[in-house]
Enquirer: 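Have a look at this one before I ask anything.
Throughout, protein chains are lettered first and strands after them, A, B, ... in sequence-line order, and every chain is numbered starting at 1. These numbers come from the heavy atoms of this one structure, side chains and all, not from hydrogens, waters or symmetry mates. Owing to the predicted nature of the structure, the values given are computational and were not obtained by experimental measurement.
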Amino acid sequence: MSTELSPTYSPAGLEVGIYRQWVEAGVFGPRASGLSPDARGLRPEAFVTMMPPPNVTASLHMGHGLNNTLQDVLTRWARMRGRPALWLPGTDHAGIATQNVVERLVAKEGKTRFDLGREPFIARMHAYVDVTKETILGQLRSIGSSADWSRTYYTFDEHYSKAVREAFVRLYEKGLIYRGKRIINWCPRCLTALSNEEAEKEEKDGKLWHLRYPLADGSGSLVVATTRPETMLGDSGVAVHPEDARYQALIGKMVALPLTDRQIPIVADEAVDPKFGSGAVKVTPAHDATDFDIGQRHDLAQIDVMTPEARMSETVPERLQGLDRYDARKKVVAEFDALGLLVKIEDHRHAVGHCYRCGTVVEPRLSDQWFVEMAPLAQPALDAYRAGAVKFVPERWGDTYTQWLENIRDWCISRQLWWGHRIPVWYCDACGTKQASRVDLSTCPSCRGPLRQDEDVLDTWFSSWLVPMASLGWPEETEDLARFYPGTVLITAPEILFFWVARMIMAGLEFRGTVPFSTVYLHGTVRDTQHRKMSKSLGNGIDPLDVIEKYGADALRYTVVSGMAVGTDLILDPKDLEVSFAAGRNFANKLWNAARFVLGNLRGAPRPLAGKYREVIRQQELTLADRWIIARCDAAVRNAADALAKFRLNDAASAAYHFLWSDFADWYVEAIKPRLYGDIPGGDVARAVTYRVFDTALRLLHPVMPFLTEAIWQKLPARQEGELLAQARWPEPDRRAVDAAALKEFALVQEVVTALRQIRAENGVEPGKQIDATIVAATPAMRSALSLEEGTVRRLAKVAKLTVGAAPSGAAASAVLTDGSTLIVPLGGMVDLAKECAKLAAERDRLAGMVANQEKKLGNEQFVARAPAPVIEGERKKLAEWSEQVSKLDERRKALGC
RNA sequence: GGGCCGUUAGCUCAGUUGGUUAGAGCGCUACGUUGACAUCGUAGAGGUCACAAGUUCGAAUCUUGUACGGCCCACCA
């Protein structure tokens with residue numbers, strides 16, 4: 001390993017090498033970190049988080065990038081604090097999504113899955129997935145994910161399948177899984193049933209067709225309204241509200257259903273809203289959930305008018321058979337029109353369900369499916385939340401969670417797919433028994449006849465809801481399960497709150513008797529500048545791999561973390577990666593260069609330095625700048641830890657950023673250069689302090705920018721062979737580092753330097769020109785600051801002679817400082833007296849305004865009587881400070897003859 | 001239809017229990033090749049905190065309403 005950093009920061013090669021080091025050193029497993037028990041003999045509690053498993057065929061997108069970065073930051077933080085940290089990665093076999101992918105491949109060969117047959121098709125899927133699975137996992141590594149890959153789970157591997165069967169059989173035996181004929185959401189493209197959650201409701205502009213249905217006895221007609229006219233072919237009744245005066249006489253009469261030769265009854269049902277449309281509803285029990293219920297109550301026929309592909313079936317008149325549902329819609333409407341039965345067409349906005357995998361409009365359809373009865377599972381999940389066993393960050397998601405659980409409906413878990421866990425139920429055609437089983441069955445236990453397994457597979461989410469348990473070995477009582485269940489925090493996107501999070505909580509409570517994690521951190525969504533979700537179809541995505549290649553994973557991570565405040569979305573511009581990721585890249589580059597400087601100056605430092613650096617607090621030889629940077633560093637440590645504990649990762653990143661860039665690089669490094677160069681004494685102390693705070697800052701920043709900090713940290717002097725930052729300790733706050741006086745005095749140094757620079761800029765002083773400066777009426781703090789850091793002030797502001805004392809006469813530029821002292825820079829003819837006077841006057845007026853405001857505030861009896869004492873005290877101080885400045889400005893103006 | 005969230009500088013956003021002159025990054029302007037860094041440095045411009053009313057000694061912050069944007073849920077066909 002070379003001892004130097006390359007002159008330019010190039011993340012590409014560096015990151016790969018660093019990642020290899022971590023893997024080889026086994027950093028990612030849940031080590032006890034060698035941390036000794038605390039005073040009470042307790043070992044640190046394990047930190048466990050489960051990765052939301054990406055789909056096996058997924059390729060990395062910004063959503064993964066965001067989600068995994070956040071998980072990695074928290075995992076690395078926990079690890080560095082000495083907690084056994086386990087981040088459990090995995091992949092999801094993703095039923096419909098994956099089957100769709102492979103079906104498309106097969107389609108390119110001009111075939112369908114049915115041409116191949118079930119077994120060969122599944123074999124082909126396995127082969128395909130074996131390859132893609134590694135792709136996504138490898139991509140997750142490239143962003144630096146420190147997950148424990150040795151424990152990677154796959155929701156379709158052998159062990160996991162056992163867990164799925166166990167869960168199914170247990171619920172089945174408990175009577176919570178049943179098979180029934182219900183209206184479900186059917187995707188005519190994927191040819192499967194979907195759960196309610198998988199049918200995404202989307203508001204769309206549609207039409208409302210008003211159709212006239214003649215009475216069978218010819219005594220009149222009534223009008224019904226529908227958004228799906230083609231379903232009228234399956235109507236088996238018309239419903240009106242029982243109290244609707246308009247229809248009292250019609251209840252019980254028959255309607256001659258147009259386009260068919262059927263007669264259907266008019267029934268009275270409470271479900272009808274008399275205020276909507278005509279108040280009469282066509283009832284299609286096989287194609288609408290409400291109609292299904294009405295049909296049940298009135299014993300109406302269930303006529304499914306469509307094929308699985310949503311074409312009109314043989315149940316409809318021959319001329320319409322085989323038509324696609326939308327063609328049939330047009331035709332039906334046309335026929336009604338031709339018959340004079342089309343009353344009107346209205347614009348109508350309503351929600352339509354779409355398949356969440358292919359976007360096809362789902363068809364509500366009567367179908368025989370498997371369901372989980374959810375109410376008994378939902379109640380404990382509600383109770384646990386209300387008892388505080390699980391909390392959400394941000395909290396408001398708790399309401400959403402509650403609302404969903406309170407209105408939960410049974411979960412349709414069977415899918416008419418081939419890719420998935422086959423439903424572990426066997427039927428005996430001979431004796432008619434059916435049985436759920438944990439192991440495959442071949443002969444009927446009662447009649448010894450041959451058995452037939454259910455053809456359907458389970459909803460993918462029926463396997464993913466077991467992640468927190470199954471990934472640790474459940475249903476076996478493994479060591480991992482005992483040690484790491486329940487987990488600590490789940491970090492995911494709110495989109496899958498119902499699909500996954502709520503169901504995991506239910507499963508945890510049902511199968512293990514406890515919630516699977518105590519905190520759920522729901523982060524925002526990655527969107528483009530128009531606030532649209534990034535997606536492949538919109539083409540507004542950002543490829544994280546592209547960003548990593550251009551700017552490095554650290555830059556990506558920094559941008560993502562610093563842009564992700566709790567409860568907000570992350571907006572990035574896909575059209576301008578430069579704008580989106582510049583901050584991260586610039587910071588990485590800045591840190592790299594600061595490190596080159598630091599390392600260059602620490603190199604060859606005496607050995608004892610490394611030991612000494614820990615103790616360089618409150619030593620006689622410390623300069624004001626030293627004390628200041630130590631105190632600032634300590635403050636950054638406190639801020640970052642506070643922020644991380646509250647999931648405010650952006651604040652933690654910003655604490656490290658500002659410390660490193662503003663405090664350390666801009667001020668401290670500049671302040672100590674003469675000492676480092678040997679121009680003045682104190683070099684060793686400066687090096688020791690630099691070592692201390694730089695080391696600390698690298699630790700602070702490591703969870704956010706792990707590669708870069710690791711690479712730099714390893715080059716610090718006196719590092720042991722094989723020592724890794726990823727395993728180093730997170731910095732602890734140090735009471736000895738707190739130094740209010742140093743903070744105050746160095747701030748004065750900064751103020752003087754800034755004021756001098758400002759005067760130079762305003763008066764057009766050439767950059768290289770040395771000037772003189774005097775501070776008049778310096779406060780004790782100012783005197784102290786100047787005497788301690790005179791050299792710093794002079795060097796940073798290019799001041800030849802810096803004096804404290806009486807005002808020099810003659811034309812000069814000046815500034816009144818916050819402590820009430822006046823900075824005077826004699827510039828002779830360079831000063832435009834009129835301009836200077838105007839500047840001082842403007843400044844005076846501004847301050848005088850503030851003073852007046854302050855006097856008014858303090859003169860207000862109500863304020864003095866009601867505001868808390870510290871606030872009043874603070875306001876008095878401000879008043880005094882500003883008044884002082886005003887009078888100093890007046891003096892100055894008088895002196896200049898303004 | 002119900003619920004939730006947002007509206008702060010040209011852009012993307014912080015601003016945690018109401019209490020300095022409302023901050024950051026990017027962008028912009030001027031100047032600058034000072035022995036880590038031009039992916040940089042220095043200085044600067046830029047905001048009636050969406051609007052209205054209210055509570056309060058005091059409101060970006062709390063309340064109500066309005067407008068606009070977004071999200072989630074929903075069996076008015």
Enquirer: Taking CH2 from A:Trp882 and C1' from B:rU20, how many angstroms apart are they, rounded to a whole number?
Expert: 5 Å
Enquirer: Expected output check: what is the dot-bracket annotation of RNA chain B, where ( ) and [ ] are pairs inside the strand (brackets for crossing ones), | is paired with another strand, and pairs are Watson-Crick or G-U under 3.5 Å?
Expert: (((((((..((((.....[...)))).(((((.......))))).....(((((..]....))))))))))))....
Enquirer: Say whether, by atom type as modelled, one donor and one acceptor occur between the side chain of A:Arg557 and the main chain of A:Val704 under 3.5 angstrom.
Expert: yes
Enquirer: Could you give the distance separating B:rA50 and B:rC5 at their C1' atoms, to the nearest angstrom?
Expert: 15 Å
Enquirer: Hey, does A:Ala665 reach any base, or is it just sugar-phosphate, or nothing, if we go heavy atoms under 4.0 Å?
Expert: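 Base: the residue A:Ala665, judged by heavy atoms under 4.0 Å, touches a nucleobase.
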Enquirer: Can you measure A:Tyr677 atom OH to B:rU34 atom P for me and round it to whole angstrom units?
Expert: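 These atoms are roughly 12 Å apart.
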Enquirer: Considering just the side-chain nitrogens and oxygens of A:Lys673, establish if one lies under 4.0 Å of OP1 or OP2 belonging to B:rA36.
Expert: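 For B:rA36, OP1 or OP2 has a side-chain N or O of A:Lys673 closer than 4.0 Å.
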Enquirer: Atom CZ of A:Arg846 and atom CD of A:Gln885: how far apart are they, to the nearest 0.5 Å?
Expert: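 A:Arg846 atom CZ to A:Gln885 atom CD measures 8.5 Å (nearest 0.5 Å).
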Enquirer: How is A:Tyr9 classified with respect to the nucleic acid when contacts are heavy atoms under 4.0 Å: base, sugar-phosphate, or nothing?
Expert: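 Here A:Tyr9 touches no strand at all.
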Enquirer: Mind checking what makes side chain to side chain donor-acceptor pair (under 3.5 Å) contact with A:Glu881, not counting sequence neighbours?
Expert: none
Enquirer: Could you measure between the two P atoms, the one in B:rA60 and the one in B:rG19, and give it in whole Å?
Expert: 9 Å
Enquirer: Nucleotide by nucleotide, 5' to 3', does protein get under 4.0 Å of the base (B), only the sugar-phosphate (S), or neither (-) in nucleotides 40-47 of chain B, counting heavy atoms?
Expert: SSSSS---
Enquirer: What pairs meet the salt bridge (Lys or Arg N to Asp or Glu O under 4.0 Å) rule with one or both residues in residues 401-411 of chain A, with sequence neighbours excluded?
Expert: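 Only A:Arg386-A:Glu406 qualify under salt bridge (Lys or Arg N to Asp or Glu O under 4.0 Å).
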Enquirer: What I want to check is whether the side chains of A:Glu751 and A:Thr754 have a donor and an acceptor closer together than 3.5 Å.
Expert: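 Short answer, no.
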Enquirer: B:rC31 and B:rA38: how far apart are their C1' atoms, nearest whole angstrom?
Expert: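 Going atom to atom, C1' in each nucleotide, I get 14 Å.
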Enquirer: Starting at CZ of A:Arg876 and ending at P of B:rG58, how long is that distance when rounded to a whole Å?
Expert: 18 Å
Enquirer: Rounded to whole angstrom, note down the C1' distance from B:rU66 over to B:rA30.
Expert: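 Straight-line distance between the two C1' atoms is 44 Å.
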Enquirer: I need the CG-P distance between A:Leu522 and B:rC5, as an integer number of Å.
Expert: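 So the CG-P distance, A:Leu522 to B:rC5, works out to 15 Å.
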Enquirer: Can you give me the N/O atom pairs linking the protein to nucleotides 14-17 of chain B at distances under 3.5 Å, or say none if there are none?
Expert:
| residue | atom | partner | partner atom | Å |
| --- | --- | --- | --- | --- |
| B:rA14 | OP1 | A:Thr568 | OG1 | 3.4 |
| B:rG15 | OP1 | A:Arg648 | NH2 | 2.9 |

Enquirer: Below 3.5 Å, can you tabulate the donor-acceptor pairs from side chains in residues 271-287 of chain A to any protein atom, sequence neighbours excluded?
Expert:
| residue | atom | partner | partner atom | Å |
| --- | --- | --- | --- | --- |
| A:Asp273 | OD1 | A:Lys275 | N | 2.9 |
| A:Ser278 | OG | A:Val223 | O | 2.3 |
| A:Ser278 | OG | A:Ala280 | N | 3.3 |
| A:Lys282 | NZ | A:Thr231 | OG1 | 2.8 |
| A:Lys282 | NZ | A:Asp235 | OD1 | 3.0 |
| A:Lys282 | NZ | A:Thr284 | OG1 | 2.9 |
| A:Thr284 | OG1 | A:Asp235 | OD1 | 2.7 |
| A:His287 | ND1 | A:Pro364 | O | 3.3 |
| A:His287 | NE2 | A:Asp304 | OD1 | 3.2 |
| A:His287 | NE2 | A:Val305 | N | 3.1 |

Enquirer: What integer number of Å spans the P atoms of B:rG27 and B:rU39?
Expert: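 The answer is 11 Å between these two P atoms.
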Enquirer: Nearest-Å distance, OH (A:Tyr558) to C1' (B:rU12)?
Expert: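 About 13 Å, once rounded to whole Å.
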Enquirer: Look at A:Lys857 together with A:Glu855 and state whether they make a salt bridge at an N to O cut-off of under 4.0 Å.
Expert: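 Between A:Glu855 and A:Lys857 there is no salt bridge, as every charged N stays at least 4.0 Å from the carboxylate O atoms.
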Enquirer: Check step by step if side chain to side chain donor-acceptor pair (under 3.5 Å) holds for A:Asp269 and A:His241.
Expert: CA-CA 5 Å; A:Asp269 197 284; A:His241 191 89; over 6 Å; no
Enquirer: Could you measure between the two C1' atoms, the one in B:rU21 and the one in B:rG6, and give it in whole Å?
Expert: 28 Å
Enquirer: Is it true that A:Tyr356 and A:Glu200 share a donor-acceptor pair across their side chains at a distance under 3.5 Å?
Expert: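 A:Tyr356 and A:Glu200 do not have a side-chain donor-acceptor pair below 3.5 Å.
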Enquirer: Any luck finding a side-chain donor-acceptor pair between A:His350 and A:Glu203 under 3.5 Å?
Expert: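 Judged by distance alone, the side chains do not pair up.
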Enquirer: In whole Å, what is the span from the NZ atom of A:Lys877 to the P atom of B:rG19?
Expert: 18 Å
Enquirer: Among B:rU20, B:rC4, B:rG25, find the nucleotide with the atom closest to the side chain of A:Lys878.
Expert: B:rU20
Enquirer: Over how many whole Å does the gap from A:Tyr657 atom OH to B:rG23 atom P extend?
Expert: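 It is 18 Å, rounded to the nearest whole Å.
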Enquirer: Any ring pair (Phe, Tyr, Trp, His ring centres under 6.0 Å) involving residues 548-572 of chain A? Give me the pairs, sequence neighbours left out, ordered by first then second residue.
Expert: A:Tyr558-A:Phe587, A:Tyr558-A:Tyr657
Enquirer: Please confirm whether the ring centroid of A:Phe392 lies under 6.0 Å from the ring centroid of A:Trp397.
Expert: no
Enquirer: So if I define the base as every atom that isn't primed, P, OP1 or OP2, how would nucleotides 59-64 of chain B read as a B/S/- string at a heavy-atom cutoff under 4.0 Å?
Expert: ------
Enquirer: Just to verify, what does A:Lys673 make a salt bridge (charged side-chain N to carboxylate O under 4.0 Å, His left out) with, not counting sequence neighbours?
Expert: A:Glu670
Enquirer: Taking atom P in both B:rA74 and B:rU61, what distance in whole Å separates the two?
Expert: 34 Å
Enquirer: What integer number of Å spans the P atoms of B:rU42 and B:rG35?
Expert: 15 Å
Enquirer: Among A:Asp576, A:Asp569, A:Leu570, exactly one meets side-chain contact (heavy atoms from CB on, under 4.5 Å) together with A:Leu572. Which residue is that?
Expert: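 Single pass found, and it is A:Leu570.
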Enquirer: Which nucleotide sits closest to the side chain of A:Glu875: B:rG19, B:rA36, B:rU34?
Expert: B:rG19
Enquirer: How would you list, by chain and number, every residue that makes a salt bridge (charged side-chain N to carboxylate O under 4.0 Å, His left out) with A:Arg876, sequence neighbours excluded?
Expert: none
Enquirer: Look up atom CD1 in A:Ile759 and atom CG in A:Leu823, then write down how far apart they are to the nearest 0.5 Å.
Expert: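 Rounded to the nearest 0.5 Å, the CD1-CG separation comes out at 4.5 Å.
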Enquirer: Salt bridge (Lys or Arg N to Asp or Glu O under 4.0 Å): which pairs involve residues 756-770 of chain A, sequence neighbours left out?
Expert: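 Of all non-adjacent pairs touching residues 756-770 of chain A, those that pass salt bridge (Lys or Arg N to Asp or Glu O under 4.0 Å) are A:Glu762-A:Lys839.
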Enquirer: Output the rounded distance in Å from CG (A:Leu405) to P (B:rG3).
Expert: 20 Å
Enquirer: Do nucleotides 71-77 of chain B as a string where each nucleotide becomes B, S or -: B if the base has a protein heavy atom under 4.0 Å, S if just the sugar-phosphate does, - if no protein is that close.
Expert: S-SBBBB
Enquirer: Does a salt bridge link A:Glu363 with A:Arg325, judged by any charged N lying under 4.0 Å from a carboxylate O?
Expert: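 Yes, A:Glu363 and A:Arg325 are salt-bridged.
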